[in-house]
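Here, residue 1 is the first one in the sequence, and each next residue gets the next number. Both ligands and their constituent atoms are indexed starting at 1 by order of listing.
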Amino acid sequence: MCFHHCRVWSGWQRVGYGRSVGRGFIGCMGVLFLATRALNAEQAIPRAEPVRFLPALKLWVLTTDHTSYVMGLNERNELQAAYWGERLEGDEGLAPLHAAPEHASFDSSETMTNLEYPGWGGRYYNEPALKVILANGVRDLVLKYVSHEIRDDTLVIRLKDIQYDLFVDLTYRVFPKEDIIRKQARLENRTPDSITLESVQAGVWYAPPGEGYRLTYLTGRWAGETQLTRTPIHPGKIVLESRRGNTSHQLNPWFAIDAGQADEEHGRVWFGAVGWSGNWKLVIEDTPPAHQVRVTGGYNDFDFSWLLKPGETFETPPYYGGYSARGFGGASRLMHRFERDEILPDHDRPHVRPVLYNSWEATTFNVSEEGQKALAEKAARIGVELFVVDDGWFGQRNDDHAGLGDWYVNPQKFPHGLQSLIRYVNQLGMEFGLWFEPEMVNPNSDLYRRHPDWVLNFPGRPRSEARNQLVLNMARDDVKEYILGALDKILSENNIRYIKWDMNRHLSEPGWPEAPLAEQKEVWVKYVRHVYEIMDRLRARHPGLEIESCSGGGGRVDLGVLERANVVWTSDNTEAFDRLRIQEGFTFAYAPKVMSSWVTDVPNLNGRSTPLKFRFLVAMQGALGIGANLNKWSDEDFSLAKQMVAYYKSVRETVQSGDLYRLFSPREGELTANEYVARDGQQVVLFAFLHSQQFLRPAPTIFLRGLDEQAQYRVKTTDDRLVEKAEVMSGSFLMHHGLNFSLRGDYDSTLVVLTKAH
Ligand code: GLA
């Protein structure tokens, strides 16, 4: 089976790149611990072929600027993981792979071998990547190599069951600049019968065997999303998942693993993410006896089933993995760069995020043409560029009991339709945006009265409401087409540049009575695929349309939706001090550019009041928005806001697209400090926040990072807090001597901008 069948499209790499192919040893676990020369990330990196196949060794070597990923075929013709980490310079040490020997009859070779895509079958006992039932009742699946194809940065390896014509194509795409690899699996049923899929994962990432690993991940809740959580990994499983039909506030499909010593700037960190906005699962498993840590990710198999009919294919979500030797900060910067350069809908023609105004917190459902015009006029005065009307503009939507599903403009609130308001907003120099919650319906709505069968339900069972709403069965083609049509109509009739796509509850009673019984559980996956499809088709029909992904705050933030959404609503909690922690966790996985952050009124939902400047500086660390009731602002508020918005515009390119260094964590002390270095290194923006001050303790020195030691930087401040008064400082001074600030009292804050002097 095998190499003679390999098809190669183009870009076929020479065997034994670098130096000659060496004959070394690869341990039974398939992990290389051989001499490698670590490359300094700052060095100019000669770009290697991203995908190479070494026929003599039956190995594939995937290479990014700083990492290598090696896998190959063992003597059983199984695809086996071999190495993932720092880039290997040269192929010395690479050798054919061998399956792990059987440890005891209880620890089979199959289970001890790090299979790239393990089927559940034979003597395999770890979390499988694929579990199926064949039409004849066989539930045994053993996958072996068939062929492979290489095209530039992409490798496709084809596996097949040892008996049945169930094929699995594993696609690996290499992103050299970002040190990230994408795994994705596609199944194809070429048997004459339907196959029931019980678990379909996108792949498995393996860390080198050993003890002492830690898992870092993001947990949360409504109004308290993306809380950084860290726990030791011991034998057994840690399962991160969503069973809620969307990504969830509670857990986010991102992980990082380190060997126990990494910090913000140092240490080896392996990280990954599933790009899926529905039920996802990450299983972090430490399997004895080798202490092998593996992370399997893909669709959640809970309540999952898919009937794969003859001739059909089925694809998993993408599963990304990356490695950094520069700690969690290094890992985050790779993710940020990757999202900006490869994932976001505008990645190939990026533009800065505009300053936004949204009146939700100011007016809630009480929107009207006159009221919105008054706010728009004030927003324009302080430099807002995008004016968004939130909930309340449609149907009989006067509170959250009615109207969802009725996507027509409320004639009492907007007697001239939306056009008069939009024209006004445009004349003020702003773009216009509008809120939708497309997947939902209130029982008190025309839509529900017409189509009570359109919601998820099990016949005769309760239909649980949350926020007085039910969930439309988006898996149904008719529902999908209806919602697409309703949104498309409003977008076609009005000059709408931006939609905020909300989802204010999770799925429950996920019944789909009209579907054949064997296909009803497909609802979880089809629902999300259709949501994606609507977003994709709207974007195709309305070029330039931007989408904000929101689910009661940060409930739908993941690399799947970020292929369609330009920005996400980070949290309904806009209280600035709470936001410091929410935003910190957010930036472990997601770029500041997509992190929508508003300045709102105080006291906020937790009763806390922070100064307006503090609120601005917190929000300016992402995509700045304003959500305050401008009708209540004083002249001083307006003039400070105007100044801060102008300041933001002068640094936003750096904040949104630069490299973030988290210098002081809000989890650890009285000070939070974040530094952003522009991509070209010309501008550096430092934010510092004192949360509270006890015993008049001075704030600690802030040592900057990521600067050019030899360069001179011109220093600009917005206040008198900086102790060092020189106008120009060297990179070495800023990084080693550091900066001191006379921050005082509760919620003091400051901003320093450095510009490289030529
Ligand atoms: C959710 C969103 C808010 C707002 C309301 C409107 O809670 O997160 O920003 O849009 O819905 O009902």
Asks: What part of Lys500, side chain from CB on, backbone N/CA/C/O, both or neither, has a heavy atom under 4.0 Å from ligand 1?
Replies: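 Answer for Lys500: side chain.
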Asks: With heavy atoms only and a cut-off of under 4.0 Å, state how Asn504 meets ligand 1: side chain, backbone, both or neither.
Replies: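 The side chain, only.
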Asks: Determine, for Trp512 and Arg461, whether the Lys NZ or Arg CZ falls below 6.0 Å from the six-membered ring centre while staying within 45 degrees of the axis.
Replies: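 No; the conditions do not both hold, so Arg461 does not lie above the ring face of Trp512.
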Asks: Using a plain distance cutoff, I'd like to know if Trp360 has any nitrogen or oxygen under 3.5 Å from a nitrogen or oxygen of ligand 1.
Replies: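 Between Trp360 and ligand 1 (N or O atoms, distance only) the closest approach is not under 3.5 Å.
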Asks: Establish, yes or no, whether a centroid distance under 6.0 Å links the rings of Trp254 and Phe271.
Replies: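 Centroid separation for Trp254 and Phe271: 6.0 Å or greater.
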Asks: Between Phe577 and His691, what is the ring plane arrangement, given parallel below 30°, perpendicular above 60°, and tilted in between?
Replies: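 Rings of Phe577 and His691: tilted, as their planes differ by 30° to 60°.
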Asks: Which atoms from ligand 1 have a heavy atom of Cys550 less than 4.0 Å away?
Replies: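 Those qualifying, in numeric order: 2 (C), 8 (O).
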Asks: Closer than 4.0 Å to some heavy atom of Asp391 - which atoms of ligand 1 meet that?
Replies: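 What qualifies from ligand 1 is 6 (C), 12 (O).
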Asks: Taking all non-hydrogen atoms of both residues, which atom of Leu559 and which atom of Ile343 are closest, and how far apart?
Replies: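 Distance-wise, the nearest heavy atoms are O-CG2, 3.9 Å.
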Asks: Contact between ligand 1 and Arg467 is defined here as a heavy atom of the residue under 4.0 Å from a ligand atom; is it met?
Replies: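 Under 4.0 Å: yes for Arg467.
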Asks: Under a 4.0 Å heavy-atom limit, does Asp502 contact ligand 1 with its side chain, its backbone, both, or neither?
Replies: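 It is the side chain that gets close, since no backbone atom is under 4.0 Å.
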Asks: Can you tell me if Asn606 has over 12 outside heavy atoms packed within less than 6.0 Å of its CG?
Replies: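 Yes, CG of Asn606 has more than 12 neighbouring heavy atoms, counting only those of other groups under 6.0 Å.
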Asks: Looking at Trp435, Trp393, Trp360, which hits ring-ring contact (aromatic ring centres under 6.0 Å, His included) with Phe365?
Replies: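 Only match with Phe365 under ring-ring contact (aromatic ring centres under 6.0 Å, His included): Trp360.
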Asks: Numbering the atoms of ligand 1 from 1, which are under 4.0 Å from a heavy atom of Gly553?
Replies: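 In order of number, 8 (O).
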Asks: I'd like to know if the side chain of Glu431 and the backbone of Tyr498 have a donor-acceptor N/O pair within less than 3.5 Å.
Replies: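 Side chain of Glu431 to backbone of Tyr498, a donor-acceptor pair under 3.5 Å: no, none is there.
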Asks: Test salt bridge (charged side-chain N to carboxylate O under 4.0 Å, His left out) on Glu377 and Arg381; report intermediate values, then the result.
Replies: CA-CA 6 Å; Glu377 185 273 319; Arg381 262 204 269 149; 3.3 Å; yes
Asks: By number and element, which atoms of ligand 1 are closer than 4.0 Å to a non-hydrogen atom of Trp569?
Replies: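 Here the atoms of ligand 1 in question are 8 (O), 9 (O).
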Asks: Do any nitrogen or oxygen atoms of Asp572 come within less than 3.5 Å of a nitrogen or oxygen of ligand 1?
Replies: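 Yes: some nitrogen or oxygen of Asp572 is under 3.5 Å from one in ligand 1.
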Asks: Is any N or O atom of Asp390, backbone or side chain, closer than 3.5 Å to an N or O atom of ligand 1?
Replies: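 Right, the criterion is met.
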